[in-house]
Amino acid sequence: MEPASLENLCVLYHSPDFIVVNKHWDIRIDSKMWYEKQTVQSQLRHRFPELADPGTYYGFRFCHQLDFSTSGALCVALNRPAAGKAYRCFKERLVTKAYLALVRGFVESGRMTLDFAIGKNTSEGKTHMMCIEGTEGCENPKPSQTELTVLEYGCYNGDPVTKVLLQPLTGRTHQLRVHCSAIGHPIVGDFTYSLRKDTTPYRMMLHAYLLRIPLEREPIQVTAPDPFLPTLDTKWAPERRMQSLEGALEQLLEDKVEGEGQDPPVKKDQAPQESPPQESEDQRAKCQQWLCEWALD
């Protein structure tokens, strides 16, 4: 995948209501800075000027976020009703995401749940970072879980690495990067969470591979092609496969569908539950703001 430019926007899915693009690494989704002219928003304006909505600041309603350094599937709602439907799926945590990553070292366990609460790092010089609970200066940590599945062991530029599939079960800022770093296996090329030591790779090796949004009338399930292949990057040399990507993804989706089909257990003689409370004014206001500008994941 070549570096980003205005012309090389890769569209994975397009309907009257949504576009899913394969975001490049090292490009922002949008920016209010006059000097940052190359963003996903500017790519969309260049490719689809007729679809930009003048009623929004950025012209497009992004349904979720991807870090500057992360590549992969990114969904854009093309109108207000579509954005509202996507918002409900994200709010109710019905969306499934899975990421591919190369991480430093050999991860011993084939499958594991990373369960570390994540908060804001308030330590001097690290306020741009997040941290796990118990770290000095960690403020307001919130529960965070990630499922990790080992796919392959190999080497990157001669150093041992593991190719993994990551499924975030929560949506904290920098969650995957923080969790991988917390178990001693930081993502290859992650300058920030390697404390500015991992500078050799040309990019951070984190890619949003799967995006599944179970919209009622237009369910979206898209995969963004795997960029971590030896044919695309000769420095990556896989040596031992533990599980195929296809098999791991199939298992992930089966688990997700089974979970969606299960009703919560009801005890005998238990009174029926009351209907959920209506949204507060504050929640409605946040929803309206999301529809107009941004969708917080």
Side-chain angles (χ1 to χ4, degrees), residues 1 3 22-29 64-74 97-116 118 121 126 128-132 135 144-211 224-230 232-239 242-243 245 248-249 252 297:
M1 191 174 181
N22 188 5
K23 175 190 170 296
H24 286 76
W25 73 92
D26 287 2
I27 184 173
R28 299 191 192 284
I29 293 176
H64 55 112
Q65 301 183 53
L66 288 179
D67 288 345
F68 170 77
S69 302
T70 305
S71 60
L74 175 68
K97 298 179 184 178
Y99 293 71
L100 290 170
L102 298 181
V103 301
R104 294 287 180 189
F106 292 154
V107 179
E108 292 185 3
S109 179
R111 186 169 183 179
M112 57 196 301
T113 300
L114 311 182
D115 191 353
F116 302 96
I118 293 176
N121 196 329
K126 296 183 179 180
H128 60 296
M129 300 172 65
M130 306 299 286
C131 54
I132 63 169
T135 304
S144 310
Q145 295 85 34
T146 301
E147 292 285 346
L148 181 152
T149 302
V150 170
L151 300 177
E152 291 179 288
Y153 296 115
C155 291
Y156 189 84
N157 202 25
D159 297 321
V161 300
T162 307
K163 185 174 182 177
V164 297
L165 185 69
L166 300 168
Q167 182 192 4
L169 304 181
T170 50
R172 311 301 177 207
T173 301
H174 297 179
Q175 176 173 317
L176 302 181
R177 300 164 66 183
V178 173
H179 274 174
C180 288
S181 179
I183 61 170
H185 297 286
I187 294 172
V188 173
D190 191 341
F191 179 74
T192 300
Y193 289 96
S194 67
L195 301 179
R196 304 186 177 186
K197 295 177 181 177
D198 201 350
T199 59
T200 304
Y202 71 98
R203 61 162 293 182
M204 182 176 71
M205 305 298 176
L206 180 62
H207 177 75
Y209 179 70
L210 167 75
L211 178 64
D226 178 3
F228 307 137
L229 301 172
L232 300 176
D233 187 349
T234 56
K235 292 183 178 180
W236 161 233
E239 297 173 353
M242 305 304 293
Q243 186 170 0
L245 173 57
L249 191 64
L252 183 154
D297 180 9

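On a predicted model such as this, the values are computed, not experimentally measured, just so you know. What you see below is based on every heavy atom in this structure, not just the backbone, and it leaves out hydrogens, waters and symmetry mates.
Contacts classified as side-chain hydrogen bond (donor to acceptor under 3.5 Å, both in side chains) and involving residues 149-162 (residues at least two apart or in different chains) are given here: Tyr156-Asp233.
Between Leu165 and Ala248, the closest heavy-atom pair is CD2-CB, 3.9 Å. Between Gly72 and Leu66, the closest heavy-atom pair is O-CD1, 3.7 Å. For the residue pair Asp198 and Gly189, the shortest heavy atom distance occurs at OD2-N, 2.8 Å. Contact between Ser109 and Val150 at its shortest, heavy atoms only, is O-CG2, 3.3 Å.
How far CG of Asn121 is from CD1 of Ile132: 11.0 Å, rounded to the nearest 0.5 Å. For the atom pair OG1 of Thr70 and CD1 of Ile27, the computed distance is 13.0 Å after rounding to the nearest 0.5 Å. Going from atom CD1 of Ile118 over to atom CD of Gln145 covers 9.5 Å, rounded to the nearest 0.5 Å. Here His24 contributes atom NE2 and Asp26 contributes atom CG; the two are 11.0 Å apart, rounded to the nearest 0.5 Å. A distance of 10.0 Å separates CZ in Arg28 from CG in Asp67, rounded to the nearest 0.5 Å. Distance check: Leu151 CG to Leu249 CG gives 10.0 Å after rounding to the nearest 0.5 Å.
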- Task: Carefully, step by step, assess His185 and Val164 under the rule side chain to side chain contact (heavy atoms under 4.5 Å, CB included).
- Result: CA-CA 11 Å; His185 297 286; Val164 297; over 6 Å; no
- Take Asp226 and His207 through the side chain to side chain contact (heavy atoms under 4.5 Å, CB included) test and state the conclusion after the steps. CA-CA 8 Å; Asp226 178 3; His207 177 75; 5.6 Å; no
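A donor and an acceptor atom, one from each side chain of Gln175 and Thr170, are located under 3.5 Å apart. Arg203 and Ser71 are linked by a side-chain donor-acceptor pair at a separation below 3.5 angstrom, with hydrogens and angles left out of the test.
When side chains are defined from C-beta on, Ile183 counts as touching Leu148, because their heavy atoms get closer than 4.5 Å. Under the 4.5 Å side-chain criterion, counting only non-hydrogen atoms from C-beta, Val188 is in contact with Arg104. You'll find the side chain of His174 reaches within 4.5 Å of the side chain of Tyr193, heavy atoms only. Taking the side chain as every heavy atom from C-beta outward, Arg177 and Met204 approach each other to under 4.5 Å. Val161 places none of its side-chain heavy atoms less than 4.5 Å from the side chain of Met205. With a 4.5 Å cut-off on side-chain heavy atoms, Lys163 and Trp236 count as touching. A 4.5 Å side-chain heavy-atom check between Leu166 and Cys180 finds at least one atom pair inside the cut-off. Proximity of Leu206 to Ser69: side-chain heavy atoms (C-beta onward) are nowhere separated by under 4.5 Å.
Side chain of Lys126 to backbone of Leu195: no donor-acceptor contact under 3.5 angstrom is found.
Crowding of Glu239 atom CD: a count of heavy atoms from other residues, nucleotides or ligands under 6.0 Å exceeding 12.
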